[in-house]
Amino acid sequence: DSGVTQTPKHLITATGQRVTLRCSPRSGDLSVYWYQQSLDQGLQFLIQYYNGEERAKGNILERFSAQQFPDLHSELNLSSLELGDSALYFCASSRYWNTEAFFGQGTRLTVV
Amino acid sequence: AQSVAQPEDQVNVAEGNPLTVKCTYSVSGNPYLFWYVQYPNRGLQFLLKYITGDNLVKGSYGFEAEFNKSQTSFHLKKPSALVSDSALYFCAVLLAYGGSQGNLIFGKGTKLSVKP
């Protein structure tokens, strides 16, 4: 168990809908990262938060947004969903920027 | 641009034989390198890292990795493979500078298959 909790584990939704993925980082970790894993794109960095503030953005679509709350949990919001958004979404957390990140088990999103 | 390459999509090894999973990198400045493993339907698990110091890094489950600066490589090794080592292995480089500091750039992954 990495200590990073993601909910839900599975999500099936229709095109055009909006979903929210939730992540609770390991205790004491201030940085939270979101990654997308798909067969064609591999593991892609989406966005990073540090202590409540957005730190960096990767290949995140405008239809996607995220935030980190005062209790350090984070949510990734995906809207106007398309079939191509079907993927495994991982949250990770780390203590400092140069220490290993610990990953949650992911949320498998299926858009039908 | 910083990048990681894993030249083999799949590595097949017999149980008990040594294994090597290859990784090369391209970074600006000193590299921060990591190996992660992903079992089916699971998240990524941290195996080991190189930040500085000895070129041979020891990690979890008997794995080790050799950092070679001249060849810009960070190959993962294990002296004796187990069937339970069968999984997807990812090499990653940590961005150390600029606005994306702290983010991991992953290779495409190498599927390791260990046969009894």
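Ranked by heavy-atom pairs shorter than 4.5 Å toward chain A, the options I51(B), L104(B), L95(B) are led by L104(B). Across S2(A), A101(A), G42(A), G104(A), the residue that shares the most heavy-atom pairs under 4.5 angstrom with chain B is A101(A).
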Query - Verdict with supporting geometry, Q37(A) and F90(B), side chain to side chain contact (heavy atoms under 4.5 Å, CB included) - result: CA-CA 12 Å; Q37(A) 185 179 33; F90(B) 290 95; 3.5 Å; yes

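In terms of hydrophobic clustering, with Ile, Leu, Val, Met, Phe, Trp and Tyr side chains grouped at heavy-atom distances under 4.5 Å, L76(B) and F67(B) are assigned to a common cluster. When hydrophobic clusters are built by joining Ile, Leu, Val, Met, Phe, Trp and Tyr residues whose side-chain heavy atoms come closer than 4.5 Å, directly or via intermediates, Y50(B) is grouped together with W35(B). Two different hydrophobic clusters hold Y39(B) and F46(B) under the rule that ILVMFWY side chains link at heavy-atom gaps under 4.5 Å. By the rule that hydrophobic residues join a cluster once side-chain heavy atoms approach within less than 4.5 Å of another member, L44(B) and Y35(A) end up as members of one cluster.
Contacts between L94(B) and chain A at a heavy-atom distance below 4.5 Å involve the side chain alone, from C-beta outward. Neither the backbone nor the side chain of Q45(B) comes within contact range of chain A; no heavy atom of the residue lies under 4.5 Å from a heavy atom of that chain. For a residue to count as touching a neighbouring chain, one of its non-hydrogen atoms must lie under 4.5 Å from one of that chain's; by this rule K49(B) touches chain A with the side chain only.
Between E100(A) and F34(B), the shortest heavy-atom contact is CA-CE2, 3.6 Å.
The neighbour count for L39(A) CG, taken as heavy atoms of other residues, nucleotides or ligands under 6.0 Å away, does not exceed 12. Under a cut-off of 6.0 angstrom, the local environment of CG in D71(A) is crowded, with over 12 non-hydrogen atoms contributed by other residues, nucleotides or ligands.
Residues F90(A) and Q38(B) are in side-chain contact: their nearest non-hydrogen atoms beyond the backbone lie under 4.5 Å apart.
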